[in-house]
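Note sheet for the following structure.
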Amino acid sequence: MSTEPTTEHAPEAHTFKAEVQQVLHILAHSLYTDREIFLRELISNASDALNRIQFEMLTNREALDPEVELAIWVEADSEQRTVTIRDTGTGMTLDELVEHLGTIAQSSARAFVQQTKEGNKAAASEIIGQFGVGFYSVFMVADKVTVVSRSYRPGVEAAMWESTGGDSYVAGPAEREGRGTTVTLHLKEDAAEFASGWRIEQIVKKHSDFVAFPIYSGERQINQRKALWRRAPREVEADEYKNLYRQLTLDADEPLLHLHLSTDVPVDLHSVLFVPAKRERGLIERRIEGKIKLYSRKVLILDEVKELLPAYFRFIEGVVDSEDLPLNVSRESVQSSPVLQRIKKTLTGRLHRELNELADQKPEQFAAFWEEFGVFIKEGVATDYEGRADLLKLLRFHTTRGGDELVTLGQYKSRIVDGQSEIYYVLASSLEAARTSPHLDPLAARGIEVLLLTDLMDGFMLSGLRDYEGLKLRNIDEAELDLPGEVEAAASQVSDEQFARLAEQAAATLGDKVKEVRASKVLRDSPARLVSDDSMGREMQRIQQLLGREAEQSPRIMELNPSHGLVAALARRVEANADDPVVAAALEQLYDNALLIEGLHQNPATMVPRILKLLEAAARTG
Ligand code: ADP
């Protein structure tokens with residue numbers, strides 16, 4: 001079939017979409033220090049196209065040139081000041097050239113423009129590519145770019161695309177024999193350095209060394225290509241892992257941890273997994289759920305898989321390669337593949353082991369891990385029944401003992417007092433609030449350590465953390481807490497009768513909000529607290545809050561402390577005047593205070609008018 005351009009098929013001028021124009025303008029006029037990454041972007045596009053054609057041919061579709069080598073060629077010409085990148089990938093039809101190189105997702109463009117406008121000094125390498133503007137990065141170094149491409153679909157003619165990076169480009173039919181794409185960059189004067197063979201080789205080594213297809217410059221292959229994860233771990237240098245991490249994730253920080261697993265039994269499995277240094281990489285991180293690439297027999301099967309690890313490990317990034325996977329594994333069938341289930345089990349087990357080793361051998365590094373990712377481990381405790389024992393050892397808590405020091409369940413257990421058979425915890429909205437919790441009174445009096453749980457995730461974690469090595473976990477706001485050891489009760493400052501009247505008044509004032517008002521047998525320094533006889537209920541309530549739902553307050557029992565000065569004073573005021581408005585306001589405030597400390601108050605601002613009233617009353621008598 002002829003690919004001669006005919007008059008009615010001459011190249012046509014097109015105008016870039018407004019978003020593209022904006023992006024191009026920024027790229028062409030910004031002084032990026034790391035312009036070299038344009039090459040990484042072009043090689044990555046070529047490699048994607050090669051992956052796609054490899055996949056097409058495996059599934060037996062008809063393709064042009066089925067025998068041609070799958071590879072990338074990069075040539076620099078210093079005299080012409082050009083760089084040419086050629087591949088034997090899928091190629092593009094004329095329509096595809098216009099579609100893919102003339103437009104850009106509006107949301108990506110907007111994010112990109114925003115990012116650069118804010119004067120954010122993020123390096124180009126960090127932002128390009130993450131916004132799907134990879135190809136356009138050529139305009140950082142080139143003032144003219146020509147693309148000639150021929151699709152793998154038999155019987156489709158070749159096509160070209162050319163632009164000087166302004167507002168427009170031309171596209172039309174072209175001549176090209178074989179399948180694939182050639183991108184020619186006419187370099188700007190100040191980018192002449194890239195028209196050099198050794199410079200090209202240097203850039204390829206730095207950014208594209210592990211691309212799965214050979215990259216040739218002249219006759220020579222310049223990338224290492226042998227998949228790092230298929231090499232023996234002891235032969236791989238620390239720097240090579242860092243390089244792989246950078247190439248996979250575009251993260252500028254070094255990873256916190258890497259795990260290299262290479263084994264044949266029980267499955268053929270070669271994998272390198274990374275724990276990043278930070279949970280969030282700022283605004284520009286691509287939000288994806290699965291950060292694992294899945295290979296089989298050197299073919300990239302799936303790019304973003306989340307089924308390879310339990311959901312709580314979704315912060316892990318890396319590569320998994322197994323020969324045992326069927327090549328036709330699709331996104332839908334991936335989950336149900338028994339091989340995949342075995343891989344998942346093996347990887348999860350290794351991650352647990354590795355994290356436990358880190359905790360034992362490098363406590364400082366583990367502390368950094370916990371700070372960023374502890375919340376995911378808590379989620380794992382709630383959701384991974386099989387892995388729970390391993391995960392429990394990783395948990396770290398603030399307690400009433402340590403200042404800022406974090407404590408393991410094992411350390412807690414080693415310090416329990418005589419007769420103690422439970423692990424006590426208090427739930428609160430913050431550490432400060434937890435430390436002032438009235439529920440602590442009886443435990444402090446007995447010298448019993450209490451875990452301070454202040455994370456919203458803690459409520460969820462508790463659904464999976466019922467006991468630890470024979471010790472049950474117990475919320476200290478429970479109504480009938482059976483504590484070991486005896487302490488002398490604090491002396492009441494009011495008569496039983498006086499107290500009964502106050503309690504009656506409190507029940508009337510608070511109405512449905514409380515089940516009952518009664519004298520506390522355990523409070524010492526605090527005037528009041530709310531206790532429950534239904535611990536599941538309030539943990540569920542916390543989970544509701546975690547999910548951002550408005551939670552219904554289930555009524556609890558209010559305990560007042562007859563040995564406390566405030567309670568005694570209120571009791572005497574009731575005796576003098578049953579309808580004293582100060583008493584009603586004070587009782588309501590005591591109730592709200594209790595909710596507030598536990599982080600269960602839905603709307604603290606509503607307390608302000610009442611507090612003002614109480615202040616006014618105090619100021620008048622003072
Ligand atoms: P991204 O690669 O992030 O999708 P790009 O702007 O780099 O964004 O590329 C846009 C699209 O153009 C690609 O998704 C692909 O469909 C197509 N493309 C680019 N380069 C090639 C190539 N060498 N071979 C085939 N298709 C390509």
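Here, residue 1 is the first one in the sequence, and each next residue gets the next number. Remember, it's 1-based here, ligands and their atoms both numbered in the order they're listed. Remember, it's a predicted structure, so these values are computed and weren't measured experimentally.
- Under 4.0 angstrom from ligand 1, the non-hydrogen atoms of T90 all belong to its side chain.
- Between W73 and T88, some side-chain heavy-atom pair lies under the 4.5 Å cut-off.
- Using the six-membered ring where Trp is involved, F313 and F315 have ring planes that are perpendicular, over 60° apart on the 30 and 60° scheme.
- Taking every heavy atom of G134 and a limit of under 4.0 angstrom, the matching atoms of ligand 1 come to 6 (O), 7 (O).
- Less than 6.0 angstrom separates the ring centroid of H260 from the ring centroid of Y241.
- Taking 4.5 Å as the limit, some side-chain heavy atom of E201 sits within range of a side-chain heavy atom of R220.
- Contacts with ligand 1 closer than 4.0 Å are made by side-chain heavy atoms of M92 only, the backbone lying farther away.
- Paired with F135 under the rule ring-ring contact (aromatic ring centres under 6.0 Å, His included), one option of Y169, F38, W161 passes, and it is W161.
- Using a 4.0 Å cut-off between heavy atoms, R52 contacts ligand 1 through its side chain alone, with no backbone atom that close.
- By the criterion of a heavy-atom distance under 4.0 Å, the side chain of D87, and not its backbone, is placed next to ligand 1.
- Between F135 and ligand 1, at least one pair of N/O atoms sits closer than 3.5 Å.
- Between atom 16 (O) of ligand 1 and the options H100, E96, E41, the minimum heavy-atom separation is to H100.
- Proximity to A49 (heavy-atom distance under 4.0 Å) selects the following atoms of ligand 1: 24 (N), 25 (C).
- One finds the CE atom of M92 at 11.5 Å from the CZ atom of R153 (value rounded to the nearest 0.5 Å).
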